[in-house]
4 protein chains.
Amino acid sequence: MLNFVNDYCEAAHPDILRRITQTNMEQLPGYGSDHYCDEAKAKIRQVCDAPDADVRFLVGGTQTNQTVIDTITPPWAGVVASTSGHVNVHEAGAIEFSGHKVLTIPSHEGKMDAKELDAFCADFYADGNHTHMVFPGCVYISQSTEYGTLYTKAELEAIAAAAHKYDIPLFLDGARLGYALAAEGNDLTLQDIARITDVFSIGGTKVGALFGEAIVFTKGNTPSHLTTQIKQHGALLAKGWLLGLQFDTLFTDGLYTHIAANADMQASRIRAALKDKGYRLVFENTTNQTFVVMDGPTVDRLGKDVKFDFVTKYDDAHTIMRICTSWATTDEHVDRLLELL
Amino acid sequence: MLNFVNDYCEAAHPDILRRITQTNMEQLPGYGSDHYCDEAKAKIRQVCDAPDADVRFLVGGTQTNQTVIDTITPPWAGVVASTSGHVNVHEAGAIEFSGHKVLTIPSHEGKMDAKELDAFCADFYADGNHTHMVFPGCVYISQSTEYGTLYTKAELEAIAAAAHKYDIPLFLDGARLGYALAAEGNDLTLQDIARITDVFSIGGTKVGALFGEAIVFTKGNTPSHLTTQIKQHGALLAKGWLLGLQFDTLFTDGLYTHIAANADMQASRIRAALKDKGYRLVFENTTNQTFVVMDGPTVDRLGKDVKFDFVTKYDDAHTIMRICTSWATTDEHVDRLLELL
Amino acid sequence: MLNFVNDYCEAAHPDILRRITQTNMEQLPGYGSDHYCDEAKAKIRQVCDAPDADVRFLVGGTQTNQTVIDTITPPWAGVVASTSGHVNVHEAGAIEFSGHKVLTIPSHEGKMDAKELDAFCADFYADGNHTHMVFPGCVYISQSTEYGTLYTKAELEAIAAAAHKYDIPLFLDGARLGYALAAEGNDLTLQDIARITDVFSIGGTKVGALFGEAIVFTKGNTPSHLTTQIKQHGALLAKGWLLGLQFDTLFTDGLYTHIAANADMQASRIRAALKDKGYRLVFENTTNQTFVVMDGPTVDRLGKDVKFDFVTKYDDAHTIMRICTSWATTDEHVDRLLELL
Amino acid sequence: MLNFVNDYCEAAHPDILRRITQTNMEQLPGYGSDHYCDEAKAKIRQVCDAPDADVRFLVGGTQTNQTVIDTITPPWAGVVASTSGHVNVHEAGAIEFSGHKVLTIPSHEGKMDAKELDAFCADFYADGNHTHMVFPGCVYISQSTEYGTLYTKAELEAIAAAAHKYDIPLFLDGARLGYALAAEGNDLTLQDIARITDVFSIGGTKVGALFGEAIVFTKGNTPSHLTTQIKQHGALLAKGWLLGLQFDTLFTDGLYTHIAANADMQASRIRAALKDKGYRLVFENTTNQTFVVMDGPTVDRLGKDVKFDFVTKYDDAHTIMRICTSWATTDEHVDRLLELL
């Protein structure tokens, strides 16, 4: 059975397991105070050209979004996200569990529009009753987005400018940042992202790690008592060095973008084949997720040999399916898929 | 200066103050365990023809919505409301403060559509990822709505049926229920509402009381340990009898609907005059709130003598203003307003 | 039946009802933005000799404690209180509902000891694991305490010094502040309290008002966006002027302390009689609450004619009862009680 | 440098890394829906002789305690723990973050007393004001305790009986359960624990795993919608099979208790040597933690070669140090320590 259902169905890049195995019996201090974490942080600061950045490591994506948003957003405020944002749809209310509202603006192929963000904030402050409303307290976007689309540098700068105009920080969820950085047509580097955003995450879970997300507070703007707040959220890993080791490996010799590039390349092969065969793609995108319209018989036929992710009904006769590649997708996996399409 | 800015700018119907004054030095047990509360509850049960109903009294509207929704909605679930719902817009995140997401569906002149509610829930359960999403845990509507519009009996029954189809309770926020009950064209009685909904509130603050909202758990379906949960929300009034006395008064000899009818009648006079003079009304409605489009010069001219509530911009040259009457609005107030229009 | 069960079993001082009645039909802006609130605030600032103080009005005591503590305590911190503190025992978890732990130190007749507070904080910071612990984020005391005892000026200054040594604010819950201010032997004025504490409340509910607590941020140190946070806690009263009117009345011509003095005086009469008759008092105190040890037959005998508050078992044969006077207690009430003792 | 500072300073038992490496590229479904989790669950059910048990896997200890307690405790209730309980002291307020109070009773060498638990609950319900208080909603204990001590079977049964008398569940935190099961004098088996408690955890982080805690709902009493609630707490691991694989390994051929026994044995050697040399042990215990009184010069001398955990001051001249062994402690480590003592 071929499996294109998501980008986290294998464990980890072999280099990562090798290093965990090599260092297995080394006695290390807990909670991220070890030298592997220090080294990983230094490498991330360097590749981001952000010497003042503070880097932290958490285990999972929802945990990261919950912890970052709760610690950067004041109690009277919420997080502005597009309606399709992961925090608005697929985190089981983790943001509201921490007391914050998700304030939504329209999603355009997964992205928010800087002008609409600006208008949302302007309208908020213009409303005579706004002291009875949830203030915009931070902005959440993801790169790549839920739909595999990308913000351009100009778009990201415009969103940051809109957020900063209202004195609120911009948080970029990089659960799939590797696939964004490596994508054809992408014009945003890690340095750009570190310069433009206030905080962003670098996803490991979906890009070669067993688990783990690095959080980069780009300007040394770490929330107060962050370690204690992480613990309070149940998010402090005892053997923190496991995160440091993994990110140190991913950020050695460009492994992170190197393995991400494979996923994007394999997805491009799939998209080219789909177009050739007359399938309709839902989005024009270049990262590792491909959203395609399939009719029922096709879904049934392919379903015998391939696992896709069912996204939603398109119309009575069609559904939208997601085909997901990853750092672990091989030429052979894709060859076999292309034969079946 | 004429004041039509809201329906809570006078203190209380004189009968209420008279009773508080008469009973002032009576020594009473606290927290709603007094005989005035008992009598008020009995009257509400009777007028609702709901002998099994449990009635509680809280001080304010946001407090009531927060407490009801938090205590009837399970922790993994949110409240479904229309985008214009008070809980979604004007409660400063009180619902999220208690850990619940507000799940929004479209607002049609302030109302939700039963079919859209049904589709929302159906789509939720059909989504293969719904265990990662916030479950619909209760439904919130208001009568009259934020825009002064009314649900018909058929509409309310359809919404209740949709909610109950997914085993979730229907909560009707009656902050302005008096004005709904007394409105021309309304076909819903308190008995209907008690029969159809699972819990509803009867607003006192905006309909003749100093303050106070009665909550009616219509089928004896009181959340467990409700008194303790009310206390935990900071919402338990020490001198609870002040609430009992007020609702006892409002539900004696039909005072509640009698004084509400005045507000609706005065609003009808205003609407008729506005139409006569060529103003455009935003909604066709019959309750105490009138939403009207005014151009800038008119807003400025009237603003010298009358206070309205600015709602939002209509277009570059016009704004939507709200003209609000109440139990306390007099013929003379309206006469003077009509002269100015 | 005589009633000494608590200090909130009558409604309000007649002057308060008179003013509410007089102003009943005055049209006023909502949420505390009216001139009566302004006047009451000015009077409180003046009597506290605290020109920079910000004054806010809420409805109830638990609501006040929850809102103040939640808005002055950072998310990684808790509130330090004595084990007998109201927030630790009798608020149904309202503090924890808002996410904060109550950190307890010993209670000495209801009071905390400044040295123990200092040691608690010193031990906390000395603990190598304190980043995994709840930080002390504010200090909560009450005056008078749960047991009717009083802090002296020296004690209050020592507690403030201990709190400020660790950069945490001191909050004094004055639900019964009137009875403290008027008590024999009290050496603390409102000016002292405003000077020494960071925030304190002035209780109206138990001292002559229908309801209401004034919160004084003594140095203009109001938490950011406090109105929005109050709304979020469900604690913003629509007809806020009802609070302003009441506090304006209480702080006109010294009514607040004048009526409180009556309660203390009546309690002194009761304590003198109890001692005369050989009852054992649990505490040596001078405010409106008297805690007395009674044997079972006495409890039964008096229970036919008088309502007391049962506090706790003292031993197998005795219980501790609370006898509570108030602003409304009359000479005649006490005369009749003394005959029965 | 010798390291006895804690029991989580090495990564994982080699068998665990071997299995993760062997299965690295196997494509597996996420969130714990894989066959390794199923197999691990089956093994745990079998070793517990609890065919109806539901087993779940989370990453960390505080996360586990927060999630279990929040999902088994009703909103109006708190968790009863001893003052020294991990949830009361070392979880940075994670329990309160989820809205629940920790209700404390005395700690006796880390343990609660069943009679004191019973009395606490009895006093609660006897208190006439208990509706204004936080209800006891579950009981939290740990085995072994924070101080390495053990509950006997009789003690555990008495605590369970006390909890069940008041209809509240008993939760046993087994972060160090392996070291308890393997300890000399322990009379509690996994079957006993599964029979007596309502829910317990089996700690992997401190007993051979990279990370991971198994939660056993012993009677099929899983909280409703638990997966969604786990996700909401930010605690759902994407690659859940990493937890299944580890627990499957630990519960194959008795690895879990086998490696735990080593830690206990090495600790016994250390305790024997300490006694020989005249050190004072703080507790008589048989698990992997040893608490010993040392004078300043000894602390300084040993500190050159060995890392211990500083616990607290004992008196002006002495401190209490913790010496911790683990599954990874070797004979050689202990030999070298014994020479230094």
Side-chain angles (χ1 to χ4, degrees), chain A residues 1-3 5-6 8-14 16-18 20-21 23-30 58-67 70 90-98 205-206 209-211 225 227-239 241-242 245 307 328 330, chain D residues 1-3 5-6 8-14 16-18 20-21 23-30 58-67 70 90-98 205-206 209-211 225 227-239 241-242 245 307 328 330:
Chain A
M1 192 76 171
L2 284 170
N3 191 335
V5 77
N6 64 36
Y8 47 91
C9 61
E10 288 93 357
H13 190 278
I16 280 177
L17 285 187
R18 198 172 299 129
I20 293 178
T21 304
T23 60
N24 189 32
M25 298 306 284
E26 186 177 342
Q27 293 181 316
L28 290 159
L58 296 187
V59 170
T62 293
Q63 185 181 78
T64 295
N65 289 340
Q66 185 192 55
T67 304
D70 190 30
H90 284 121
E91 300 194 350
I95 304 305
E96 293 80 6
F97 180 72
S98 71
T205 302
K206 291 171 176 159
L210 284 171
F211 55 85
H225 294 75
T227 301
T228 303
Q229 293 201 66
I230 290 171
K231 179 84 178 177
Q232 187 186 53
H233 285 70
L236 192 62
L237 188 67
K239 302 182 186 177
W241 69 83
L242 295 171
L245 264 175
K307 281 190 197 158
T330 62
Chain D
M1 194 77 171
L2 283 170
N3 190 336
V5 78
N6 63 37
Y8 45 91
C9 59
E10 289 93 358
H13 190 277
I16 280 177
L17 285 187
R18 199 171 299 129
I20 292 178
T21 304
T23 61
N24 189 32
M25 299 306 285
E26 187 177 340
Q27 293 182 315
L28 290 160
L58 296 188
V59 169
T62 293
Q63 184 182 78
T64 295
N65 289 340
Q66 184 192 56
T67 305
D70 190 31
H90 284 120
E91 301 194 349
I95 305 305
E96 293 81 5
F97 180 72
S98 71
T205 302
K206 291 170 176 161
L210 284 171
F211 56 85
H225 295 73
T227 301
T228 303
Q229 293 200 66
I230 290 171
K231 179 83 179 179
Q232 187 186 54
H233 286 70
L236 192 62
L237 189 65
K239 302 181 185 176
W241 68 83
L242 295 172
L245 264 177
K307 281 190 197 157
T330 63

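The basis for the numbers below is simple: all heavy atoms, side chains too, and nothing from hydrogens, waters or symmetry mates. Proteins get letters first, then strands, A, B, ... in listed order; numbering begins at 1 in each.
For A/Asn3, the side-chain contact (heavy atoms from CB on, under 4.5 Å) partners are A/Val5, A/Cys9, A/Lys307, D/Gln27, not counting sequence neighbours. With sequence neighbours left out, the ring pair (Phe, Tyr, Trp, His ring centres under 6.0 Å) criterion links D/His233 to A/Phe97.
Ring centers of D/Phe211 and A/Phe211: under 6.0 Å apart, within the cut-off.
At a 4.5 Å heavy-atom cutoff, A/Leu58 makes no contact with chain D through either its backbone or its side chain. For chain A, the nearby parts of D/Leu210 are the backbone and the side chain; heavy atoms of each come within less than 4.5 Å. Of the atoms belonging to A/Leu17, it is side-chain heavy atoms, and not backbone ones, that fall under 4.5 Å from chain D. Using a 4.5 Å cut-off between heavy atoms, D/Pro29 does not touch chain A at all. For a residue to count as touching a neighbouring chain, one of its non-hydrogen atoms must lie under 4.5 Å from one of that chain's; by this rule A/Ala12 touches chain D with backbone and side chain alike. Proximity to chain D involves both the backbone and the side chain of A/Ile20, based on heavy atoms less than 4.5 angstrom apart. Contact annotation for D/Ser98: both backbone and side-chain heavy atoms come within less than 4.5 Å of a heavy atom of chain A.
Of all the listed residues (D/Lys206, D/Gln229, D/Met25, D/His13), the one sharing the greatest number of non-hydrogen pairs under 4.5 Å with chain A is D/Met25. Chain D forms the most heavy-atom pairs under 4.5 Å with one residue out of A/Lys239, A/Gln66, A/Gln63, and that residue is A/Lys239.
Residues D/Ala238 and A/Thr205 approach most closely at CB-CG2, 3.8 Å, considering heavy atoms.
Inspection of the A/Thr62 and D/Lys231 side chains reveals an N or O donor paired with an N or O acceptor under 3.5 Å. Side-chain polar atoms of A/Asn24 and D/Glu10 form no donor-acceptor pair below 3.5 angstrom.
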